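Since the structure comes first, as structure tokens, the remarks are kept for the end.
The figures that follow rest on heavy atoms only: side chains count, while hydrogens, waters and symmetry mates do not. Since the model is a prediction, treat every value here as computed from it, not as a measurement. Chain identifiers are assigned alphabetically (A, B, ...) following the order of the sequence lines, protein sequences preceding nucleic acid strands; residue numbering begins at 1 within each chain.
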There are 2 protein chains.
Amino acid sequence: MQKYRSTLDRFDMKLLQLVQVSNRTPQHVLAEEVGLSAPAIARRLQKLREQGVIQKDMAIIDAAAVGRPLTIIVQVTVEDESFALLDEIKERFRRCEQILHCHYVTGGTDFVLIVNVRDMEEYTQFTRTQFFELGNVKSFQTYVSMECIKANEGIPLDLE
Amino acid sequence: MQKYRSTLDRFDMKLLQLVQVSNRTPQHVLAEEVGLSAPAIARRLQKLREQGVIQKDMAIIDAAAVGRPLTIIVQVTVEDESFALLDEIKERFRRCEQILHCHYVTGGTDFVLIVNVRDMEEYTQFTRTQFFELGNVKSFQTYVSMECIKANEGIPLDLE
DNA sequence: CAATCAAATGCAAGATTCTTGCATCGAGAC
DNA sequence: GTCTCGATGCAAGAATCTTGCATTTGATTG
């Protein structure tokens with residue numbers, strides 16, 4: 001196991017800024033923009049991936065193009081906030097493929113979900129399963145997205 | 001300009017399923033899993049990108065690792081829903097780098113935002129600018145994420 | 001301030017991956 | 001049946017990525 005530089009320098013930050021916009025840019029192009037050689041870029045990227053700074057490399061797919069055009073934001077309030085039951089519902093949400101994002105939050109409700117479905121029928125079925133049948137949901141509020149203003153933006157990285 | 005197969009067949013679906021998990025998998029590996037040759041995979045990927053089915057290819061970065069650990073979900077209600085002012089505020093949100101996701105929604109509020117900030121001070125400043133100074137915001141409600149259960153999951157693609 | 005050591009760098013060669021030309025295949029039109 | 005057009009696989013060529021090695025850089029120590 002190799003030992004790592006623990007802090008990210010300005011080269012790393014610039015690199016992250018570039019790859020979170022497009023991770024298929026050739027290394028020699030990144031190299032030129034960052035101001036290092038291509039092998040240096042390769043080694044830094046490898047470390048950033050090993051360290052988990054880069055968590056994954058994914059293609060972003062147009063949900064409508066694959067027949068799943070509906071995005072729905074849901075606020076969920078649970079009935080029982082005991083650790084065991086909270087862990088249970090977190091695990092349930094984690095496993096549910098239709099939930100694309102899920103946060104456990106403060107502020108009058110317990111969870112916020114971003115859900116992707118084919119149509120309202122699938123959403124109805126989703127709520128039935130996740131909120132009624134599987135239990136521990138006191139109430140939920142549904143917000144249907146009429147328009148996606150933006151999605152999957154990268155973290156803003158000011159070159160510190 | 002080339003003419004395209006307009007529908008996605010099961011090869012495309014399988015391919016999308018794979019690249020939305022990891023878009024750096026070598027084409028010969030994808031080829032084997034999908035059941036086509038490597039050049040066929042390459043040509044399909046190119047078309048999917050040109051068609052916009054694959055919208056972008058990005059590295060997902062650990063927000064905490066780059067010093068921006070706070071995720072905040074905000075519900076925004078506007079004062080004036082006239083087209084012009086609505087377009088204005090959409091454009092404002094689109095341009096704001098701290099807003100990672102933004103949906104215009106039905107259901108008792110107008111927008112849902114997912115915001116990334118370094119700390120509460122930055123969030124306070126964000127609300128001041130976006131919600132008070134720039135106008136047309138009647139009210140907003142803040143939900144601070146205590147725990148990210150999941151994020152940036154791919155669209156569920158059942159091989160139809 | 002020089003000496004030392006570990007980590008990072010650039011270069012160049014080698015390995016892998018991607019792209020392209022071409023002949024062939026297959027489904028639909030006529 | 002035959003024609004046409006798009007898609008395919010193979011193989012060669014092009015581009016990209018990785019690795020070994022000598023050198024440089026930077027922090028630490030004496």
Side-chain angles (χ1 to χ4, degrees), chain A residues 1-62 65-67 154 157-160, chain B residues 1-62 65-67 154 157-160:
Chain A
M1 189 60 130
Q2 207 170 342
K3 200 180 159 197
Y4 300 125
R5 188 183 51 245
S6 57
T7 62
L8 304 175
D9 59 22
R10 68 195 175 85
F11 296 117
D12 291 315
M13 294 301 273
K14 181 68 182 170
L15 197 45
L16 292 170
Q17 196 183 52
L18 294 171
V19 295
Q20 88 174 332
V21 172
S22 168
N23 70 345
R24 302 178 66 252
T25 309
Q27 290 172 356
H28 71 265
V29 176
L30 298 173
E32 191 170 2
E33 302 210 36
V34 170
L36 287 172
S37 68
I41 294 296
R43 286 186 271 243
R44 277 170 182 263
L45 282 176
Q46 188 192 344
K47 282 189 192 174
L48 290 168
R49 292 190 169 107
E50 285 170 9
Q51 288 172 306
V53 177
I54 294 178
Q55 295 178 322
K56 70 190 263 197
D57 290 85
M58 71 184 295
I60 303 297
I61 291 169
D62 180 354
V66 292
L157 297 180
D158 317 299
L159 305 178
E160 24 205 270
Chain B
M1 187 62 133
Q2 209 171 341
K3 200 179 158 193
Y4 299 126
R5 188 182 54 246
S6 57
T7 63
L8 304 175
D9 60 21
R10 68 195 176 83
F11 296 117
D12 290 315
M13 294 302 273
K14 181 70 181 168
L15 197 44
L16 291 170
Q17 196 182 52
L18 295 171
V19 295
Q20 87 175 333
V21 171
S22 168
N23 70 346
R24 301 178 66 252
T25 310
Q27 289 171 356
H28 71 265
V29 177
L30 298 173
E32 191 170 2
E33 302 208 36
V34 170
L36 287 172
S37 67
I41 294 297
R43 287 186 270 245
R44 277 170 182 264
L45 282 176
Q46 189 192 343
K47 283 189 192 177
L48 290 167
R49 292 191 168 106
E50 284 171 9
Q51 290 173 304
V53 176
I54 295 178
Q55 294 178 322
K56 69 190 264 195
D57 291 84
M58 69 183 296
I60 302 296
I61 291 170
D62 180 352
V66 292
L157 297 179
D158 319 301
L159 304 179
E160 21 206 270

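In this structure, the CG atom of B:Asp9 is 10 Å from the P atom of D:dA7, given to the nearest Å. Put simply, CZ on A:Arg44 is 15 Å from P on C:dA7, counting in whole angstrom units. Between the P atom of D:dC17 and the CD atom of A:Gln46 lies a distance of 13 Å, rounded to the nearest Å. Rounded to a whole Å, the CZ atom of A:Arg10 is 15 Å from the C1' atom of D:dG26.
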Distance-only donor-acceptor pairs under 3.5 Å for side chains of residues 26-33 of chain B, two or more places apart:
none

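At a threshold of 4.5 Å between non-hydrogen side-chain atoms, the residues A:Leu45 and A:Leu15 count as touching. At least one side-chain heavy atom of B:Ile61 sits under 4.5 Å from a side-chain heavy atom of B:Val66. The shortest distance between side-chain heavy atoms of B:Leu8 and B:Leu48 falls below 4.5 Å.
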Worksheet item: Could you walk me through whether B:Asn23 and A:Arg24 pass the side-chain contact (heavy atoms from CB on, under 4.5 Å) check?
Response: CA-CA 9 Å; B:Asn23 70 346; A:Arg24 302 178 66 252; 4.2 Å; yes

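Applying the side chain to side chain donor-acceptor pair (under 3.5 Å) criterion to A:Gln46, with sequence neighbours excluded, gives A:Glu50. With sequence neighbours excluded, the residues that form a salt bridge (Lys or Arg N to Asp or Glu O under 4.0 Å) with A:Asp57 are A:Arg49. Annotation: side chain to side chain donor-acceptor pair (under 3.5 Å) contacts of A:Ser22 (sequence neighbours excluded): A:Thr25.
Panel note: side chain B:Gln20, backbone A:Ala59; no donor-acceptor pair is recorded below 3.5 Å.
The stretch residues 23-33 of chain A touches DNA chain D through A:Pro26, A:Gln27, A:His28, each having a heavy atom under 4.0 angstrom from the strand.
Distance check: A:Leu157 CG to A:Leu16 CG gives 6.0 Å after rounding to the nearest 0.5 Å.
Contact annotation: B:Lys47 reaches the phosphate of D:dA7 (side-chain N/O to OP1 or OP2, under 4.0 Å).
Comparing the end axes of the helix from C:dC1-D:dG30 to C:dC30-D:dG1, each fitted to five base pairs by superposing C1' atoms of four pairs onto the next four, gives an inter-axis angle of 30° (nearest 10 degrees).
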Identify the pairs formed between an N or O of the protein and an N or O of nucleotides 9-13 of chain D at a distance under 3.5 Å, and give each distance.
unit_1: D:dG9; atom_1: OP1; unit_2: B:Ser37; atom_2: N; d: 3.3
unit_1: D:dG9; atom_1: OP2; unit_2: B:Ser37; atom_2: N; d: 2.9
unit_1: D:dG9; atom_1: OP2; unit_2: B:Ser37; atom_2: OG; d: 2.3
unit_1: D:dG9; atom_1: O5'; unit_2: B:Ser37; atom_2: OG; d: 3.4
unit_1: D:dG9; atom_1: N7; unit_2: B:Arg43; atom_2: NH2; d: 3.3
unit_1: D:dG9; atom_1: O6; unit_2: B:Arg43; atom_2: NH2; d: 3.1

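Ionic pairing of B:Arg44 and B:Asp9 is present here: one or more N-O contacts between side-chain nitrogen and carboxylate oxygen are shorter than 4.0 angstrom.
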